[in-house]
Protein chains: 2
Amino acid sequence: MPKDASVSPSPRKAFADRRRDPATKREAVLKTAAQLFLEKSYGRMSMNDVADRLNITKPALYHYFDNKEDILLECYRLGVGLIEEILNGIADHCGTGLQKVEAFVHSYATVMTVNFGRCVMRLDEGDLTSDARAEVRTYKRKIDRRLRSFIEEGIADGSIAPCDSKIAAFSIAGALNWICMWYEPDGALSPEEIATQFARTLTQGLVARKRSSRLRVVFKEE
Amino acid sequence: MPKDASVSPSPRKAFADRRRDPATKREAVLKTAAQLFLEKSYGRMSMNDVADRLNITKPALYHYFDNKEDILLECYRLGVGLIEEILNGIADHCGTGLQKVEAFVHSYATVMTVNFGRCVMRLDEGDLTSDARAEVRTYKRKIDRRLRSFIEEGIADGSIAPCDSKIAAFSIAGALNWICMWYEPDGALSPEEIATQFARTLTQGLVARKRSSRLRVVFKEE
DNA sequence: CTGATATCTTACCCACCGGTAAGAAAAAAA
DNA sequence: TTTTTTTCTTACCGGTGGGTAAGATATCAG
């Protein structure tokens with residue numbers, strides 16, 4: 001099972017020899033930190049945990065990162081990068097506001113099943129210093145504003161029923177963000193299944209359309 | 001503004017004198033612990049924080065509770081109690097599955113704006129010992145199963161469009177649980193506003209129904 | 001081969017946290 | 001008052017975690 005070793009070697013092996021290759025070692029730290037962070041949360045993940053899993057000692061980590069916060073902030077930035085990619089993709093791909101929301105939900109749900117993506121929403125602002133917190137808040141507001149603008153666009157173009165876009169955005173974002181709380185990579189639900197049904201449920205709702213055999217809907221122009 | 005002092009005195013004053021009144025003192029501990037827990041999360045909330053806010057010293061707390069986990073678990077139980085109340089209320093109040101889900105969302109959203117309710121979803125299982133974790137998981141599964149049963153009921157009675165009830169329940173529960181992450185008691189959004197729009201959005205979706213002045217829907221029995 | 005540089009380890013510091021031991025001070029019971 | 005019980009404080013312990021100092025070891029440039 002030899003993958004492309006130059007791209008994604010097992011993080012454990014990145015520190016196997018002391019060849020000078022800071023980039024891949026940094027990457028290895030980030031990957032295992034993200035993994036551990038998801039397993040244990042920021043507060044319970046110690047620098048020793050990270051070091052142990054990489055078969056090195058704690059001080060070695062400080063050769064590549066300033067401190068614990070620095071590591072997790074970097075994971076966070078990678079995750080945000082994934083999200084911003086999909087946001088830009090949606091802006092181009094024109095359509096109704098509703099279609100944009102649907103595309104957003106589908107893509108965002110998928111990102112929430114990727115480790116770095118999950119880190120974004122698992123990171124508690126309370127664990128950060130005020131500088132880092134400010135940065136994180138900026139990202140979050142950007143994403144929230146974007147979703148809200150899609151909803152408002154939909155209301156304007158008639159594809160979305162009038163509503164408070166702020167609350168609607170919180171509702172959708174909440175459902176999506178919570179994915180990282182229950183999703184298990186080896187679980188029964190595949191990312192694709194989740195993304196598809198989320199996109200459907202969050203835009204169309206649960207309610208059955210009146211198209212049963214007993215009832216028929218007729219649209220009449222006036 | 002004198003409230004009923006026998007019911008809810010300021011937690012700070014509960015320990016003002018040493019009169020023997022364990023019940024209200026316990027309650028005061030729980031309230032401030034819940035408050036602090038919401039402000040700082042379990043890991044960053046120290047027993048000293050709680051004691052300081054009550055104007056006592058740390059060991060005094062151990063007169064009323066066995067340990068830190070015991071305190072938060074008690075807060076958790078109070079919150080779960082609130083949720084189970086609404087669940088039972090909905091079971092009686094008969095109606096379609098969709099109506100039950102709607103009622104659930106409305107009530108649950110409201111509970112998520114009450115401190116003890118918020119504690120339920122902010123409590124990270126990873127912070128607990130295995131015994132407590134087992135208890136917590138039991139409660140959560142009970143709630144999840146209940147919501148899922150409402151959805152399945154709705155699919156059976158035709159009020160809800162066929163879907164994977166598991167994913168749908170995760171979606172709805174996620175939106176609701178996430179409320180405790182952004183809700184601020186003194187913020188712009190009132191609990192009632194939130195509950196009402198959540199109930200609407202999560203059941204009906206965002207999509208505009210074709211009921212504009214240009215179109216009219218007619219239901220015809222066959 | 002040699003000196004310079006990057007990499008990593010051993011040993012340590014300090015702050016904090018959950019929890020306890022032992023006893024003082026107040027309140028209730030006698 | 002005296003005794004007993006509850007309530008609360010001072011002082012402390014063991015463990016852990018982030019982070020650093022200082023030096024050993026390997027890699028690389030020349």
Side-chain angles (χ1 to χ4, degrees), chain A residues 9 11-29 32-33 36-37 39-75 123-124 126-129 131-132, chain B residues 9 11-30 32-33 36-37 39-75 123-124 126-132:
Chain A
R12 293 205 48 153
K13 301 296 168 201
F15 286 84
D17 67 20
R18 291 174 77 162
R19 202 179 69 255
R20 295 185 186 172
D21 189 1
T24 52
K25 290 187 180 178
R26 256 184 79 98
E27 194 188 331
V29 173
T32 64
L36 264 158
F37 170 60
E39 289 172 17
K40 311 182 73 164
S41 95
Y42 188 86
R44 287 184 303 273
M45 179 197 86
S46 77
M47 295 296 271
N48 267 321
D49 289 336
V50 180
D52 284 354
R53 199 165 285 195
L54 289 166
N55 277 104
I56 56 175
T57 56
K58 184 172 59 171
L61 292 172
Y62 289 87
H63 205 78
Y64 300 91
F65 296 91
D66 288 346
N67 49 45
K68 187 181 177 184
E69 182 176 69
D70 190 23
I71 297 181
L72 267 300
L73 212 50
E74 206 64 39
C75 291
L123 190 53
D124 183 351
D127 286 314
L128 302 174
T129 60
D131 281 0
Chain B
R12 293 203 49 150
K13 301 296 168 199
F15 286 84
D17 67 20
R18 292 174 77 163
R19 200 180 71 255
R20 296 184 184 173
D21 190 0
T24 53
K25 290 187 179 176
R26 256 184 79 98
E27 193 186 333
V29 172
L30 290 177
T32 63
L36 264 159
F37 171 60
E39 289 171 17
K40 313 182 74 164
S41 92
Y42 188 85
R44 288 185 303 276
M45 178 196 87
S46 76
M47 294 296 268
N48 267 322
D49 290 335
V50 180
D52 284 353
R53 198 165 285 195
L54 289 166
N55 277 105
I56 56 175
T57 57
K58 184 173 58 171
L61 292 172
Y62 290 86
H63 205 78
Y64 299 93
F65 295 91
D66 287 346
N67 50 45
K68 188 181 177 185
E69 183 177 70
D70 189 24
I71 297 180
L72 267 299
L73 212 51
E74 206 64 38
C75 291
L123 190 53
D124 183 351
D127 286 315
L128 301 175
T129 59
S130 57
D131 281 0

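A note on names: the letters A, B, ... follow the listed sequences, proteins ahead of strands, and every chain is numbered from 1. Values below: every heavy atom of this structure, side chains too, minus hydrogens, waters and symmetry copies. All figures in this text were calculated on a predicted structure; none of them were measured in a lab.
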- Query: Which nucleotide, D:dG19, C:dG19, D:dC8, lies nearest any side-chain atom of A:Asn67?
  - Reply: D:dG19

- Item | Nearest-nucleotide pick for A:Lys68, side chain only, options being D:dT6, D:dT9, D:dG19 | D:dG19

- Note on the structure: Atom OH of A:Tyr62 and atom C1' of C:dT9 are separated, to the nearest Å, by 15 Å

- Compare the minimum distances between each of D:dC8, C:dG18, D:dT7 and the side chain of B:Ala60, then state the nucleotide with the smallest one. D:dC8

- Query: Is there a side-chain polar atom (N or O) of B:His63 under 4.0 Å from OP1 or OP2 of D:dC8?
  - Reply: no

- Name the closest nucleotide to the A:Lys25 side chain, picking from C:dG18, D:dC8, C:dC8. C:dC8

- Message: Counting the atoms with a prime plus P, OP1 and OP2 as sugar-phosphate, which does A:Tyr64 contact under 4.0 Å by heavy atoms, base, sugar-phosphate, or nothing?
- Response: sugar-phosphate

- Message: I'd like to check the side-chain contact (heavy atoms from CB on, under 4.5 Å) partners of B:Arg26; sequence neighbours left out, ordered by chain and number.
- Response: B:Tyr64, B:Phe65, B:Glu74

- B:Asp21 CG to C:dA27 C1', straight-line distance once rounded to whole Å: 13 Å

- Item | Gap between atom SG of B:Cys75 and atom OH of B:Tyr42 - 0.5 Å precision | 11.0 Å

- Task: For A:Leu72 and D:dG18, give me the distance from atom CG to atom C1', rounded to whole Å.
- Result: 13 Å

Below 3.5 Å is the cut-off: list the nitrogen or oxygen pairs between protein and nucleotides 12-14 of chain C, distance only.
none

- With sequence neighbours left out, the residues meeting side-chain hydrogen bond (donor to acceptor under 3.5 Å, both in side chains) with A:Asp127 are B:Arg44

- Could you tell me the separation between the CG atom of A:Leu61 and the C1' atom of C:dT7, rounded to a whole number of Å? 13 Å

- Note on the structure: Expected list for residues 39-57 of chain B near DNA chain C, using heavy atoms below 4.0 Å, is B:Met45, B:Ser46, B:Met47

- Task: Measure from the side-chain N and O atoms of A:Lys40 to the backbone N and O of A:Asp49, and report whether any donor-acceptor pair falls under 3.5 Å.
- Result: no

- Is it true that a side-chain atom of B:Glu69 and a backbone atom of B:Ala132 form a donor plus acceptor pair closer than 3.5 Å? no

- Distance, rounded to the nearest Å, where A:Phe65 contributes CZ and C:dT7 contributes C1': 15 Å

- Query: Do A:Lys25 and A:Leu54 have side-chain heavy atoms sitting under 4.5 Å apart?
  - Reply: no

- Message: Working to the nearest 0.5 angstrom, can you tell me the gap between A:Leu73 CG and A:Lys68 NZ?
- Response: 13.5 Å

- Task: Under the side-chain contact (heavy atoms from CB on, under 4.5 Å) rule, collect the residues that match up with B:Ala51, sequence neighbours excluded.
- Result: B:Ile56, B:Leu61

- So side chain to side chain donor-acceptor pair (under 3.5 Å) across residues 51-63 of chain B, not counting sequence neighbours, yields B:Arg12-B:Asn55, B:Glu39-B:Arg53

